[in-house]
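Take a look at the structure set out below.
Just so we're clear, the structure is a prediction, and the values are computed from it rather than from any experiment.
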Amino acid sequence: DIHVAKERIVYDPALPLVIGVDFGHARKTVAALCQPVMASRRMRIVAEYVGEHRNAKENALGLIEKIRSVGYHGALENLDMIPDPSALSDELSGRSVWSGYRGVGFTSYGAPLIVGPDSVDVGCTVVRSMIIDGRVEVDPECEVIIEGFEQYHRPVDRITGEVRSNKPE
(Lines give C-alpha, C1' and ligand atoms only; values in the text may rest on other atoms or scores of the structure.)
Protein backbone atom coordinates (compact mmCIF):
# COMPACT_ATOMS: atom_id res chain seq x y z
CA ASP A 1 0.00 0.00 0.00
CA ILE A 2 2.91 2.40 0.50
CA HIS A 3 3.22 2.86 -3.25
CA VAL A 4 -0.45 3.60 -3.97
CA ALA A 5 -1.30 7.30 -4.00
CA LYS A 6 -4.19 8.38 -1.77
CA GLU A 7 -5.73 10.38 -4.62
CA ARG A 8 -5.61 10.25 -8.40
CA ILE A 9 -2.30 11.27 -9.97
CA VAL A 10 -2.85 13.86 -12.68
CA TYR A 11 -0.69 13.95 -15.81
CA ASP A 12 1.75 16.87 -15.66
CA PRO A 13 2.58 18.20 -19.16
CA ALA A 14 5.78 19.75 -17.77
CA LEU A 15 7.21 16.28 -17.09
CA PRO A 16 8.26 13.68 -19.67
CA LEU A 17 5.92 10.76 -20.33
CA VAL A 18 7.61 7.36 -20.49
CA ILE A 19 5.72 4.25 -21.54
CA GLY A 20 6.94 0.92 -20.18
CA VAL A 21 5.33 -2.01 -21.97
CA ASP A 22 5.21 -5.68 -21.05
CA PHE A 23 3.88 -7.52 -24.10
CA GLY A 24 1.81 -10.55 -23.10
CA HIS A 25 1.67 -12.04 -26.57
CA ALA A 26 -1.42 -14.27 -26.27
CA ARG A 27 -2.73 -13.10 -22.94
CA LYS A 28 -2.37 -9.67 -21.48
CA THR A 29 -0.35 -6.62 -22.50
CA VAL A 30 0.22 -4.05 -19.77
CA ALA A 31 1.68 -0.60 -20.25
CA ALA A 32 2.59 1.82 -17.47
CA LEU A 33 2.33 5.52 -18.30
CA CYS A 34 5.07 6.95 -16.10
CA GLN A 35 6.35 10.43 -15.38
CA PRO A 36 9.84 10.43 -13.87
CA VAL A 37 10.69 13.37 -11.65
CA MET A 38 14.46 13.50 -12.15
CA ALA A 39 15.27 16.05 -9.44
CA SER A 40 13.87 13.81 -6.70
CA ARG A 41 14.51 10.46 -8.44
CA ARG A 42 10.82 9.63 -8.12
CA MET A 43 8.44 7.86 -10.47
CA ARG A 44 4.78 8.79 -10.89
CA ILE A 45 2.64 6.13 -12.60
CA VAL A 46 -0.31 8.15 -13.85
CA ALA A 47 -2.21 5.43 -15.71
CA GLU A 48 -2.08 1.91 -17.07
CA TYR A 49 -3.24 0.35 -20.29
CA VAL A 50 -4.36 -3.28 -20.18
CA GLY A 51 -5.20 -5.16 -23.36
CA GLU A 52 -6.27 -8.78 -23.29
CA HIS A 53 -6.40 -11.19 -26.22
CA ARG A 54 -5.55 -8.53 -28.79
CA ASN A 55 -2.91 -8.42 -31.49
CA ALA A 56 -0.06 -5.89 -31.45
CA LYS A 57 -1.85 -3.35 -33.64
CA GLU A 58 -5.03 -3.48 -31.54
CA ASN A 59 -2.98 -3.02 -28.37
CA ALA A 60 -1.05 -0.13 -29.93
CA LEU A 61 -4.29 1.63 -30.88
CA GLY A 62 -5.70 1.05 -27.38
CA LEU A 63 -2.51 2.43 -25.87
CA ILE A 64 -2.77 5.56 -28.04
CA GLU A 65 -6.33 6.06 -26.79
CA LYS A 66 -5.13 5.74 -23.17
CA ILE A 67 -2.22 8.14 -23.76
CA ARG A 68 -4.58 10.75 -25.20
CA SER A 69 -7.09 10.23 -22.38
CA VAL A 70 -4.55 11.27 -19.71
CA GLY A 71 -3.90 14.54 -21.52
CA TYR A 72 -0.84 13.90 -23.70
CA HIS A 73 -1.44 15.47 -27.11
CA GLY A 74 2.11 15.54 -28.47
CA ALA A 75 3.53 13.45 -31.28
CA LEU A 76 3.86 9.74 -30.58
CA GLU A 77 7.45 9.76 -31.84
CA ASN A 78 8.33 12.15 -29.00
CA LEU A 79 7.38 9.60 -26.34
CA ASP A 80 10.00 7.50 -24.60
CA MET A 81 8.84 3.92 -25.18
CA ILE A 82 10.62 1.16 -23.29
CA PRO A 83 9.36 -2.15 -24.66
CA ASP A 84 9.91 -5.63 -23.35
CA PRO A 85 13.03 -6.87 -25.26
CA SER A 86 11.10 -9.90 -26.57
CA ALA A 87 8.95 -7.52 -28.62
CA LEU A 88 11.94 -6.58 -30.73
CA SER A 89 12.84 -10.07 -31.88
CA ASP A 90 12.45 -10.61 -35.61
CA GLU A 91 12.32 -6.82 -36.12
CA LEU A 92 14.10 -6.83 -39.47
CA SER A 93 11.48 -9.09 -41.05
CA GLY A 94 8.65 -6.78 -39.99
CA ARG A 95 7.00 -9.57 -38.00
CA SER A 96 7.94 -8.45 -34.50
CA VAL A 97 5.43 -7.27 -31.92
CA TRP A 98 7.05 -3.84 -32.17
CA SER A 99 6.17 -3.74 -35.89
CA GLY A 100 2.48 -3.50 -34.96
CA TYR A 101 3.23 -0.49 -32.77
CA ARG A 102 5.47 1.16 -35.33
CA GLY A 103 2.71 0.74 -37.91
CA VAL A 104 0.37 3.08 -36.00
CA GLY A 105 2.89 5.79 -35.16
CA PHE A 106 5.25 4.65 -32.40
CA THR A 107 8.40 5.21 -34.41
CA SER A 108 11.14 5.01 -31.81
CA TYR A 109 11.91 3.15 -28.66
CA GLY A 110 14.54 3.36 -25.98
CA ALA A 111 16.67 0.44 -25.02
CA PRO A 112 15.38 -1.52 -22.07
CA LEU A 113 16.90 -0.07 -18.94
CA ILE A 114 17.93 -3.47 -17.60
CA VAL A 115 18.98 -6.33 -19.86
CA GLY A 116 20.49 -9.77 -19.44
CA PRO A 117 19.51 -13.14 -17.99
CA ASP A 118 18.87 -11.66 -14.54
CA SER A 119 17.02 -8.57 -15.83
CA VAL A 120 13.71 -9.49 -14.17
CA ASP A 121 15.37 -10.03 -10.78
CA VAL A 122 17.39 -6.84 -11.08
CA GLY A 123 14.35 -4.86 -12.20
CA CYS A 124 12.26 -6.20 -9.32
CA THR A 125 15.01 -5.31 -6.86
CA VAL A 126 15.27 -1.75 -8.22
CA VAL A 127 11.51 -1.20 -8.15
CA ARG A 128 11.19 -2.77 -4.70
CA SER A 129 13.89 -0.46 -3.30
CA MET A 130 12.18 2.57 -4.90
CA ILE A 131 8.87 1.54 -3.32
CA ILE A 132 10.46 0.99 0.10
CA ASP A 133 12.17 4.39 -0.16
CA GLY A 134 8.80 5.99 -1.04
CA ARG A 135 9.97 7.05 -4.49
CA VAL A 136 7.18 5.38 -6.50
CA GLU A 137 3.61 6.64 -6.58
CA VAL A 138 0.96 4.67 -8.44
CA ASP A 139 -2.43 6.07 -9.34
CA PRO A 140 -5.04 4.10 -7.35
CA GLU A 141 -6.86 3.12 -10.56
CA CYS A 142 -3.81 1.18 -11.89
CA GLU A 143 -5.14 -2.08 -10.52
CA VAL A 144 -3.04 -4.49 -12.60
CA ILE A 145 0.21 -2.65 -11.85
CA ILE A 146 -0.63 -2.45 -8.14
CA GLU A 147 -1.43 -6.16 -8.06
CA GLY A 148 1.81 -6.89 -9.91
CA PHE A 149 3.87 -4.92 -7.40
CA GLU A 150 2.14 -6.65 -4.49
CA GLN A 151 2.11 -10.22 -5.78
CA TYR A 152 5.16 -10.66 -8.01
CA HIS A 153 7.66 -12.94 -6.36
CA ARG A 154 9.93 -15.92 -6.90
CA PRO A 155 9.22 -19.22 -5.16
CA VAL A 156 11.41 -19.44 -2.05
CA ASP A 157 12.29 -22.54 -0.06
CA ARG A 158 10.78 -21.98 3.42
CA ILE A 159 13.59 -23.82 5.17
CA THR A 160 16.69 -22.48 3.40
CA GLY A 161 15.31 -19.15 2.18
CA GLU A 162 16.82 -19.82 -1.25
CA VAL A 163 14.99 -19.01 -4.46
CA ARG A 164 13.80 -22.32 -5.96
CA SER A 165 13.24 -21.14 -9.53
CA ASN A 166 14.32 -18.37 -11.83
CA LYS A 167 10.73 -18.04 -13.09
CA PRO A 168 8.16 -15.91 -11.26
CA GLU A 169 5.06 -17.52 -9.77
_Under the side-chain contact (heavy atoms from CB on, under 4.5 Å) test, residues paired with Pro36 that sit two or more places apart_ = Pro16, Val18, Met38, Met43
*asked:* My understanding is that only residues two or more places apart in sequence, or in another chain, count here; which of them pass side-chain contact (heavy atoms from CB on, under 4.5 Å) with Ala14?
replied: Asp12
*Output every pair passing side-chain hydrogen bond (donor to acceptor under 3.5 Å, both in side chains) with a member in residues 61-76, not counting sequence neighbours, ordered by first then second residue.*
none
Minimum-distance pair of heavy atoms, taken over all atoms of [X] and [Y]:
X	Y	value
Pro140	Val4	CA-CG1, 3.9 Å
Ala56	Gly100	CB-CA, 4.1 Å
Val70	Ile67	CG2-O, 3.1 Å

Has [X] got a side-chain atom pairing as donor or acceptor with [Y]'s backbone, closer than 3.5 angstrom?
X	Y	result
Glu48	Ile145	yes
Asp139	Arg8	no
Asp133	Arg135	no

*When clusters are formed from ILVMFWY side-chain contacts under 4.5 Å, directly or step by step, what else is grouped with Leu15?*
Val37
*By the rule that ILVMFWY residues connect when side-chain heavy atoms come within less than 4.5 angstrom, directly or transitively, which residues belong alongside Val10?*
none
*asked:* Please determine whether the number of non-hydrogen atoms from other residues, nucleotides or ligands lying under 6.0 Å from atom CD of Glu58 exceeds 12.
replied: yes
*Trace of the side chain to side chain contact (heavy atoms under 4.5 Å, CB included) decision for Leu33 with Ile45*: CA-CA 6 Å; Leu33 284 65; Ile45 301 177; over 6 Å; no
*Which one of Leu61, Leu76, Leu63 satisfies the side chain to side chain contact (heavy atoms under 4.5 Å, CB included) criterion with Val104?*
Leu61
So how far is it from [X] [atom1] to [Y] [atom2], rounded to the nearest 0.5 Å?
X	Y	atom1	atom2	answer
Glu143	Ile146	CD	CD1	7.0 Å
Leu79	Ile19	CG	CD1	5.5 Å
Ile9	Cys142	CD1	SG	7.5 Å
Phe106	Ile64	CZ	CD1	4.5 Å

*Within-4.5 Å side-chain heavy-atom neighbours: Arg42 and Glu137*: yes
*Indicate yes or no: at least one non-hydrogen side-chain atom of Gln35 is less than 4.5 angstrom from one of Leu17.*
yes
*Given the rule in the side-chain hydrogen bond (donor to acceptor under 3.5 Å, both in side chains) test, do Asn59 and Tyr49 qualify, once you have shown the distances and angles that lead to the verdict?*
CA-CA 9 Å; Asn59 275 319; Tyr49 165 77; 2.7 Å; yes
_Partners passing side chain to side chain donor-acceptor pair (under 3.5 Å) against Arg41 (at least two apart in sequence or in another chain)_ = none
